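The chains referred to below are lettered A, B, ... by the order of the sequence lines, with proteins before strands, and numbering in each begins at 1. Bear in mind that the values here come from a model prediction, so they are computed numbers and not experimental data.
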2 protein chains.
Amino acid sequence: MTNKRELFQIMTRRFGLLGKNCCSVGGYDLSAAQSHILYEIDRGRSPSMQQAADTLGTDITTFSRQIQSLVRMGLVEKSPAPSDRRISLLSLTTAGKFVAASIDKQMNSYLDEVFSYLTPFERETVLRSIELLNGAMAQSSRCCAPVRDEAEDHSGNES
Amino acid sequence: MTNKRELFQIMTRRFGLLGKNCCSVGGYDLSAAQSHILYEIDRGRSPSMQQAADTLGTDITTFSRQIQSLVRMGLVEKSPAPSDRRISLLSLTTAGKFVAASIDKQMNSYLDEVFSYLTPFERETVLRSIELLNGAMAQSSRCCAPVRDEAEDHSGNES
DNA sequence: CAATAAAACTTGTATGTTGCAAATTTAATT
DNA sequence: AATTAAATTTGCAACATACAAGTTTTATTG
């Protein structure tokens, strides 16, 4: 009954659905991808396009257009880096911060509901497990390399 | 540090990446969506288009075309149900079964690697937790309603 | 039993997403 | 000053997605 692949297949599918038409906030209608971008910019320290795209594992050209949308929506701002004007630093506008906070609230509310079906002990266990899982995935060579939580390798890559 | 939303955000992102260009098997190059479809047909009991689309939470028109692709690739077969010829029952061809098995092997191999970074105890805990999480998500009214694990309601729906 | 409604799919079409190749702008090297 | 490289944008061309409308087959109903 504890088939690893099956458990992950179901979970992955659920998360896929979760994102479908993720997050509507006061007139703004965001996709899951856009929500991830806002999240990343919000918590990042004014990431550049490259950095953000890498972190999210998105092709830079696709990312460029996604940012264009968010800028057009008035949620994100791009400003050339003082040190190197090729680089665009990303930040949230006031509206962007509001939307990000709102999505955060929605997500937490959803998660609270899901967790309400668990006992306090199970909640602890599940959270701890996701932490473990994220750590393990981060170490895997086969997946998710571009995704880093907080600290990871920052040395040159390639052999 | 144990911020629920953050943990889920990272995990979701990782799973998103996981699926990016999921699974290449002997010339066949499948998307994550296609892999989910094969998985579902493989373990399902000759589901109909409707059933499979519902289970996967995909719009039926999109699903129809996805199946067309898989049929064109020679991985899936459609046959009219004897009892009702409007219904198309889905099944895997020999090639489809081979591909599904192969993906299963790849996924398990990947998961084995990820789990190798955990202690045996942690592995148990994580698996159990995903089980709990899947169960909890299934109960949530706000998400994932169409996704069912094994048994769920099979009574008439609607009020 | 014929007409009407409904169910299960498919197709038309319009819009959005994705990513490779090529262009653009700015910086670093020689 | 010329060449190379880095960060980002744009030109495509292929795919994905979903609403509306159409097709085929089955139920219902008077």
Side-chain angles (χ1 to χ4, degrees), chain A residues 13 16-24 28-37 41 44 46-73 76-91 146 156-158, chain B residues 13 16-24 28-37 41 44 46-73 76-91 146 156-158:
Chain A
R13 184 186 301 163
L17 289 181
L18 210 178
K20 273 297 168 56
N21 47 333
C22 151
C23 341
S24 289
Y28 298 101
D29 204 46
L30 303 192
S31 69
Q34 292 173 321
S35 137
H36 273 272
I37 294 175
I41 296 179
S46 302
S48 71
M49 300 275 293
Q50 278 293 355
Q51 287 173 331
D54 280 359
T55 301
L56 293 167
T58 310
D59 182 273
I60 182 68
T61 71
T62 299
F63 188 75
S64 172
R65 282 186 251 251
Q66 287 173 329
I67 290 295
Q68 285 173 40
S69 296
L70 291 169
V71 169
R72 247 182 274 115
M73 285 192 232
V76 169
E77 265 174 347
K78 274 193 302 191
S79 40
S83 62
D84 183 338
R85 287 193 319 210
R86 289 172 300 183
I87 298 175
S88 286
L89 300 180
L90 301 171
S91 57
N157 36 7
E158 313 290 350
Chain B
R13 184 186 303 164
L17 290 182
L18 212 177
K20 273 298 166 56
N21 48 333
C22 151
C23 339
S24 289
Y28 298 102
D29 203 48
L30 303 192
S31 70
Q34 291 174 321
S35 138
H36 273 272
I37 295 175
I41 297 178
S46 301
S48 70
M49 299 275 292
Q50 279 292 354
Q51 286 173 331
D54 280 358
T55 301
L56 293 167
T58 311
D59 182 273
I60 183 69
T61 72
T62 299
F63 189 75
S64 173
R65 282 185 250 251
Q66 286 172 329
I67 290 295
Q68 285 173 38
S69 296
L70 291 169
V71 168
R72 249 182 273 117
M73 287 191 231
V76 168
E77 267 175 349
K78 274 191 305 189
S79 40
S83 62
D84 183 339
R85 286 190 321 205
R86 289 172 300 181
I87 297 175
S88 286
L89 300 179
L90 300 171
S91 57
N157 34 6
E158 314 289 352

Rounded to whole Å, the CZ-P distance (A/F63 to C/dC20) equals 17 Å
d(B/I67 CD1, B/T62 OG1) to nearest 0.5 Å is 12.0 Å
note: A/I67, atom CD1; C/dT18, atom P; distance rounded to Å ~ 13 Å
#### Entry: Any A/S64 side-chain nitrogen or oxygen under 4.0 Å from OP1 or OP2 of D/dT9
yes
**Message:** By the 4.0 Å heavy-atom rule, please label B/S88 as base, sugar-phosphate, or nothing.
**Reply:** sugar-phosphate
Rounded to whole Å, the CE-C1' distance (A/M49 to C/dG19) equals 15 Å
Rounded to whole Å, the CG-C1' distance (A/D29 to D/dA18) equals 14 Å
Closest non-hydrogen atoms of B/G44 and B/P47, given as atom of the first, atom of the second and distance, are C-CD, 4.2 Å
Atom CG of B/L90 and atom P of C/dA8 are separated, to the nearest Å, by 14 Å
Can you name the atoms? Protein N/O to nucleotides 13-15 of chain C N/O, anything below 3.5 Å, with the distance.
residue: C/dT13; atom: O4; partner: B/R65; partner atom: NH2; Å: 3.4

d(A/L89 CG, A/K78 NZ) to nearest 0.5 Å is 11.5 Å
D/dT10, OP1 or OP2 - any side-chain N/O from A/Q68 closer than 4.0 Å? yes
>> For C/dC9, does the base pair up with any side-chain atom of B/T61 as donor and acceptor (N or O, under 3.5 Å, distance only)?
In response: no
Interatomic distance, CD1@B/I41 vs CD@B/E77, rounded to 0.5 Å, equals 10.5 Å
When rounded to the nearest 0.5 Å, the distance separating CG of B/L70 from CD of B/Q68 is 10.5 Å
Separation of D/dT9 atom P from A/I87 atom CD1, nearest Å, is 12 Å
Regarding the side chain of B/Q50, the nearest nucleotide among D/dA18, C/dC9, C/dA21 is C/dC9
In whole angstroms, the gap separating P of C/dG16 from CG of A/L70 amounts to 14 Å
* Contact class for B/T62 vs. all strands (heavy atom < 4.0 Å): base, sugar-phosphate, or nothing? -> base
query = Has the side chain of B/S64 got a donor or acceptor atom that lies under 3.5 Å from a matching backbone atom of B/I60?
reply = no
Heavy-atom nearest pair, B/S69 first then B/Q34, reads CB-NE2, 4.2 Å
Whole-Å distance, A/H36 NE2 to C/dT18 P, equals 12 Å
The reported gap from OG in B/S46 to CG in B/L90 (rounded to nearest 0.5 angstrom) is 8.5 Å
Restricting both atoms to N or O, compile the protein contacts to nucleotides 24-29 of chain D shorter than 3.5 Å, with distance only.
residue: D/dT26; atom: OP1; partner: B/R85; partner atom: N; Å: 3.3

Residue pair B/Q66/A/S48 against DNA chain D: nearer the 5' end by closest nucleotide is A/S48
Taking for B/K78 and for A/A33 the nucleotide of DNA chain C with the nearest heavy atom, the one nearer the 5' end belongs to B/K78
Rounded to the nearest 0.5 Å, the CD atom of A/Q66 sits from the OG1 atom of A/T58 at a distance of 5.5 Å
